[in-house]
K.L.:
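Mind looking over this structure? Questions follow.
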Amino acid sequence: MLPAFAANGFLPLGRYSVSFDEAESMLVSAPEFQDSATRTGLWDGLLDYIDCFLTLEDAYASELNGHTLVHRLWLGGSFVSAKSDPGNIDATLLIDMRAERSIRGKPGSKWLTTAFKSRDRMKERFGVSPLRIGYQPVAHLFEPERLTPEERTYFTQRGVWDDWWQRCRLPDQSDRSPSEQSAAPARGYLEVRL
């Protein structure tokens with residue numbers, strides 16, 4: 001069952017795993033958004049953005065050994081709220097580093113850099129404000145002394161963005177940066193399975 005927006009206009013605390021179709025049903029085609037002037041266009045932009053990764057996956061399926069470039073997609077911010085007309089889609093993409101390494105340098109793979117190089121350009125072109133986490137499976141997570149620097153970076157980035165998507169900016173705060181006062185979890189976000 002899909003989560004419903006709470007009284008504050010956000011999802012209840014936590015990360016909710018949904019399919020791409022479930023996310024669209026909840027965030028675009030739900031009755032409360034039928035009069036939205038921005039949601040359908042933003043969702044179409046997200047589809048176009050994600051399609052660039054899927055096109056690479058199709059082109060290099062034999063090199064990817066069953067891995068996907070986008071392991072998971074986290075959606076947060078105002079698009080994952082009851083706001084009728086959000087201005088963009090805030091997205092964190094967990095990019096599978098094994099897949100990324102296997103196609104680096106091949107024709108078209110420059111997208112893996114371009115997709116995250118300029119958030120402003122991606123927002124203008126697709127309506128998506130993307131962030132990247134380099135995903136990798138870690139077997140020995142309870143043995144921190146065995147973690148490689150790359151694995152430590154992954155856990156740090158994952159924790160940072162998990163924390164951020166559960167925060168709300170404080171009203172009437174002149175500095176909109178994360179702060180100790182805004183650290184308490186106040187909303188949920190979506191983890192979209194592609």
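Quick note: numbers below take in every heavy atom, side chains included, and nothing from hydrogens, waters or symmetry partners.
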K.L.:
Could you tell me which non-hydrogen atom of Ala91 sits nearest to which non-hydrogen atom of Val128, and how far apart they are?
P.N.:
CB-CG1, 4.1 Å
K.L.:
Could you tell me whether a side-chain N or O of Tyr49 sits under 3.5 Å from a main-chain N or O of Ala115, the two making a donor and an acceptor?
P.N.:
yes
K.L.:
Determine yes or no for a side-chain-to-main-chain donor-acceptor pair under 3.5 angstrom, with Arg119 supplying the side chain and Leu131 the backbone.
P.N.:
no
K.L.:
Do you know which two heavy atoms are closest between Val80 and Gly188, and how far apart they sit?
P.N.:
CG1-O, 4.5 Å
K.L.:
Determine the sole option in Trp74, Phe10, Tyr16 for which the ring pair (Phe, Tyr, Trp, His ring centres under 6.0 Å) test with Tyr189 is passed.
P.N.:
Trp74
K.L.:
Yes or no on side-chain contact (heavy atoms from CB on, under 4.5 Å) for Leu93 and Leu69, after CA distance, side-chain angles and deciding distance?
P.N.:
CA-CA 9 Å; Leu93 287 84; Leu69 286 167; over 6 Å; no
K.L.:
Are Met26 and Leu13 connected in a single hydrophobic cluster, I mean Ile/Leu/Val/Met/Phe/Trp/Tyr linked by side-chain heavy atoms less than 4.5 Å apart?
P.N.:
no
K.L.:
Closer than 4.0 angstrom, basic N to acidic O: yes or no for Arg158 and Asp162?
P.N.:
no
K.L.:
Can you give me the closest heavy-atom contact between Lys83 and Ser78, atom names plus distance?
P.N.:
CD-CB, 3.9 Å
K.L.:
To the closest 0.5 Å, what do you measure between CE (Met122) and NZ (Lys117)?
P.N.:
10.5 Å
K.L.:
Can you confirm whether more than 12 heavy atoms, excluding those of Glu63, are under 6.0 Å from its CD atom?
P.N.:
yes
K.L.:
In terms of hydrophobic clusters joined by side-chain contacts under 4.5 Å, are Trp164 and Leu94 together?
P.N.:
yes
K.L.:
State whether the side chain of Thr55 and the backbone N or O of Cys52 hold a donor-acceptor pair below 3.5 Å, judged by distance alone.
P.N.:
no
K.L.:
Are Leu194 and Leu112 grouped together when hydrophobic residues (ILVMFWY) are joined by side-chain heavy atoms under 4.5 angstrom apart?
P.N.:
yes
K.L.:
Out of curiosity, Ile133 CD1 to Gln157 CD, how far, rounded to the nearest 0.5 Å?
P.N.:
6.0 Å
K.L.:
Can you tell if the side chain of Ile95 reaches within under 4.5 Å of the side chain of Val70, non-hydrogen atoms only?
P.N.:
yes
K.L.:
Within this structure, what is the CG-CG distance for the pair Asp51 and Leu46, rounded to the nearest 0.5 Å?
P.N.:
11.0 Å
K.L.:
Examine distances only and state if a side-chain atom of Ser25 and a backbone atom of Asp21 form a donor-acceptor pair shorter than 3.5 Å.
P.N.:
no
K.L.:
Looking only at non-hydrogen atoms, find the nearest pair between Gly127 and Leu42 and report the distance.
P.N.:
O-CD2, 3.6 Å
K.L.:
Say you draw a straight line from CZ of Arg98 to CG of Leu64; how long is it, rounded to the nearest 0.5 Å?
P.N.:
10.5 Å
K.L.:
Is there a donor-acceptor pair under 3.5 Å between the side chain of Glu100 and the backbone N or O of Gly134?
P.N.:
no
K.L.:
Looking at every non-hydrogen atom in both residues, tell me the closest pair between Ile103 and Ser109 and how far apart they are.
P.N.:
O-CB, 3.3 Å
K.L.:
Does some side-chain heavy atom of Tyr154 sit less than 4.5 Å from a side-chain heavy atom of Met97?
P.N.:
no
K.L.:
Is a side-chain N or O of Thr38 found less than 3.5 angstrom from the main chain of Pro86, in a donor-acceptor match?
P.N.:
yes
K.L.:
So Leu190 and Leu27, side-chain contact (heavy atoms from CB on, under 4.5 Å) or not? Walk me through it.
P.N.:
CA-CA 10 Å; Leu190 297 182; Leu27 302 174; 3.6 Å; yes
K.L.:
Once you measure the plane-to-plane angle for Phe53 and Phe116, does it fall in the parallel (<30°), tilted (30-60°) or perpendicular (>60°) bin?
P.N.:
tilted
K.L.:
Give me the ring orientation class for Phe79 and Trp43: parallel if the planes are under 30° apart, tilted from 30 to 60°, perpendicular past 60°.
P.N.:
parallel
K.L.:
Taking all heavy atoms of Asp90 and all of Gly77, pick out the closest pair and write down the distance.
P.N.:
OD2-CA, 3.7 Å
K.L.:
Assess the residue pair Arg104 and Thr113 against the criterion (side-chain hydrogen bond (donor to acceptor under 3.5 Å, both in side chains)); give the C-alpha distance rounded to whole Å, side-chain angles, the decisive distance to 0.1 Å, and a yes or no.
P.N.:
CA-CA 10 Å; Arg104 276 275 178 213; Thr113 301; 3.1 Å; yes
K.L.:
At what distance, to the nearest 0.5 angstrom, does CD of Glu145 lie from NE2 of His140?
P.N.:
8.5 Å
K.L.:
Could you work out, with side chain to side chain contact (heavy atoms under 4.5 Å, CB included) as the rule, every residue matching Arg193, not counting sequence neighbours?
P.N.:
Ser17, Ser19, Glu22, Arg72
K.L.:
Report the distance from atom CZ of Arg15 to atom CD of Gln166, rounding to the nearest 0.5 Å.
P.N.:
8.0 Å
